Amino acid sequence: MYSDGNMLVTNKKLLSAAMAKGYAVGAFNIQNLETLLAVVEASTEERSPVIVAATPSTIKYAGLEYLAGMVKTAAESAPVPMSLHLDHGKDIETVSKCIDAGFTSVMIDGSRLNFEENIALTKRVTRLAHSKGISVEGELGRLAGVEEATVEEKEAVLTDPEAAKEFVERTSVDALAVAIGTCHGAYKFKGEPKLDFKRLKAIRKKVKVLLVLHGASNVPSWIIEKATKYGAELSGAKGIPDEHIKEAISLGITKINIDTDLRLAFTCAIREILTGSPKEFDPRKILGPAKEAVKEVIKGKMRLFGSSAKAF
Ligand code: G3H
Ligand code: 13P
Ligand code: ZN
């Protein structure tokens with residue numbers, strides 16, 4: 001168990017420490033036992049604080065009690081601070097069920113709503129979550145590909161610094177997910193990767209809370225090439241270069257969400273084993289190496305984000 005006697009800690013606690021020391025904590029999406037083990041083993045080996053993230057679709061897939069039970073069991077023996085975070089919660093009912101199940105942090109994603117509706121929904125969540133000591137992440141702006149968008153279209157999608165200030169003040173969120181040109185998934189850019197760092201700087205100046213970068217996967221070409229060799233069809237896949245991630249951290253991002261890179265590593269390893277060992281049919285010998293592949297990717301992220309050796 002982590003040293004202060006708490007099993008799971010809040011994102012606010014993890015990220016405040018990161019902000020004070022200038023590093024970022026990875027939020028790694030899990031889907032099953034193997035991806036959870038990869039996160040726990042990586043954070044233990046790197047001595048890194050870590051955020052275990054689960055989306056509503058993962059909760060639907062695995063079952064809330066199974067999922068929360070697994071993560072709580074992991075936290076009982078993990079020697080590093082860990083939080084269990086709802087990623088992209090869409091409604092107060094999901095938030096409430098997750099808090100009751102033991103989540104220590106929740107995201108309410110009202111980015112599909114207009115400004116006032118997003119504020120109203122987010123406020124309801126902060127009121128509920130804060131009354132139970134749980135931290136809240138809100139989102140303003142939309143994570144959409146903006147590469148070929150006009151200036152007006154970009155303004156409509158990316159986070160406006162002034163609006164961010166108002167959003168944070170009126171909702172009392174602990175953390176804010178910003179849109180600066182990233183998007184979810186494996187196809188983030190057709191041309192050169194480009195993020196709006198000027199906007200991030202302006203947001204950092206206006207807004208005092210913790211800042212979050214979604215859609216931050218790198219989509220490593222070596223995984224794409226290997227997966228392609230074993231039959232995947234991923235042409236045109238492209239992600240965020242490591243240098244951009246470092247710059248985002250230097251400008252104040254303290255939480256970085258990674259899902260796609262883990263999915264790619266997991267399925268690439270499975271493809272390799274099934275192709276190379278056609279006689280194998282023991283799930284542990286197929287999923288075990290997939291877990292190892294995910295773990296290695298996570299360890300690399302922890303070093304990139306500067307969170308290695310920062311377990312406090
Ligand atoms: O943003 C979160 C994920 O990358 C997509 O989530 O497929 O688990 O719903 P999901
Ligand atoms: P990626 O698809 O870039 O991994 O982003 C994941 C994410 O933002 C989860 O909330
Ligand atoms: Zn996201």
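All values reported here derive from a predicted model rather than from experimental measurement. Atoms within each ligand, like the ligands themselves, are counted from 1 in listed order.
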Counting distance only, does the side-chain N/O of [X] pair as donor-acceptor with the main-chain N or O of [Y] below 3.5 Å?
X: S217; Y: D261; result: yes
X: S250; Y: E247; result: yes
X: T58; Y: A54; result: no
X: R112; Y: K90; result: yes
X: E137; Y: A177; result: no
X: D174; Y: V136; result: yes

### Summary
In S308, S43, S307, the residue satisfying side-chain hydrogen bond (donor to acceptor under 3.5 Å, both in side chains) with S48 is S307

### Query
Any idea which part of A216 is under 4.0 Å from ligand 2, heavy-atom wise: side chain, backbone, both or neither?
backbone

### Task
Please state which part of N29 comes within less than 4.0 Å of ligand 2, counting heavy atoms only: side chain, backbone, both or neither.
side chain

### Message
Need one value: angle at the Zn ion (ligand 3), H184 atom NE2 versus H88 atom NE2, rounded to 10 degrees.
### Response
100°

### Query
If we ignore angles and hydrogens, is there a donor and acceptor under 3.5 Å between the side chains of N11 and S135?
no

### Task
Answer with yes or no whether the side chains of H184 and N257 bring together a donor and an acceptor at under 3.5 Å.
no

### Query
Is R271 atom CZ crowded by more than 12 heavy atoms from other residues, nucleotides or ligands, each under 6.0 Å away?
yes

### Task
Please confirm whether R263 comes within less than 3.5 Å of ligand 1 when only nitrogen or oxygen atoms on both sides are compared.
yes

### Query
Which is closest to atom 9 (C) of ligand 2 by heavy-atom distance: I258, L213, D259, D87?
D87

### Query
Out of H184, M107, K60, Q31, whose heavy atom sits nearest atom 1 (O) of ligand 1?
H184

Would you mind checking which non-hydrogen protein atom is closest to [atom], with the distance to 0.1 Å?
atom: atom 3 (O) of ligand 2; value: K188 NZ, 2.5 Å
atom: atom 4 (O) of ligand 1; value: D259 OD2, 2.9 Å
atom: atom 7 (C) of ligand 2; value: H184 CD2, 3.3 Å

### Query
Is the NZ or CZ atom of K301 both under 6.0 Å from the centre of the six-membered ring of F28 and within 45° of that ring's axis?
no

Which of the atoms in ligand 2, numbered in the order shown and given with their element, are less than 4.0 Å from a heavy-atom of [X]?
X: H88; result: 10 (O)
X: T260; result: 1 (P), 2 (O), 4 (O)
X: G185; result: 2 (O)
X: N257; result: 5 (O), 6 (C), 7 (C), 8 (O), 9 (C), 10 (O)
X: H214; result: 8 (O), 10 (O)
X: S217; result: 1 (P), 3 (O), 4 (O)

### Message
Restricting to N, O or S, what is the name of the atom of H214 that lies nearest the Zn ion (ligand 3)?
### Response
ND1

[X] heavy atoms, cut-off 4.0 Å: which ligand 1 atoms fall inside?
X: H88; value: 1 (O), 2 (C)
X: S57; value: 7 (O), 8 (O), 9 (O), 10 (P)
X: T55; value: 2 (C), 6 (O), 8 (O), 9 (O), 10 (P)

### Query
Which is it for N257 and ligand 1 at heavy atoms under 4.0 Å: side chain, backbone, both or neither?
neither

### Task
Walk me through it: do E139 and N118 pass the test side-chain hydrogen bond (donor to acceptor under 3.5 Å, both in side chains)?
CA-CA 8 Å; E139 176 167 332; N118 190 355; over 6 Å; no

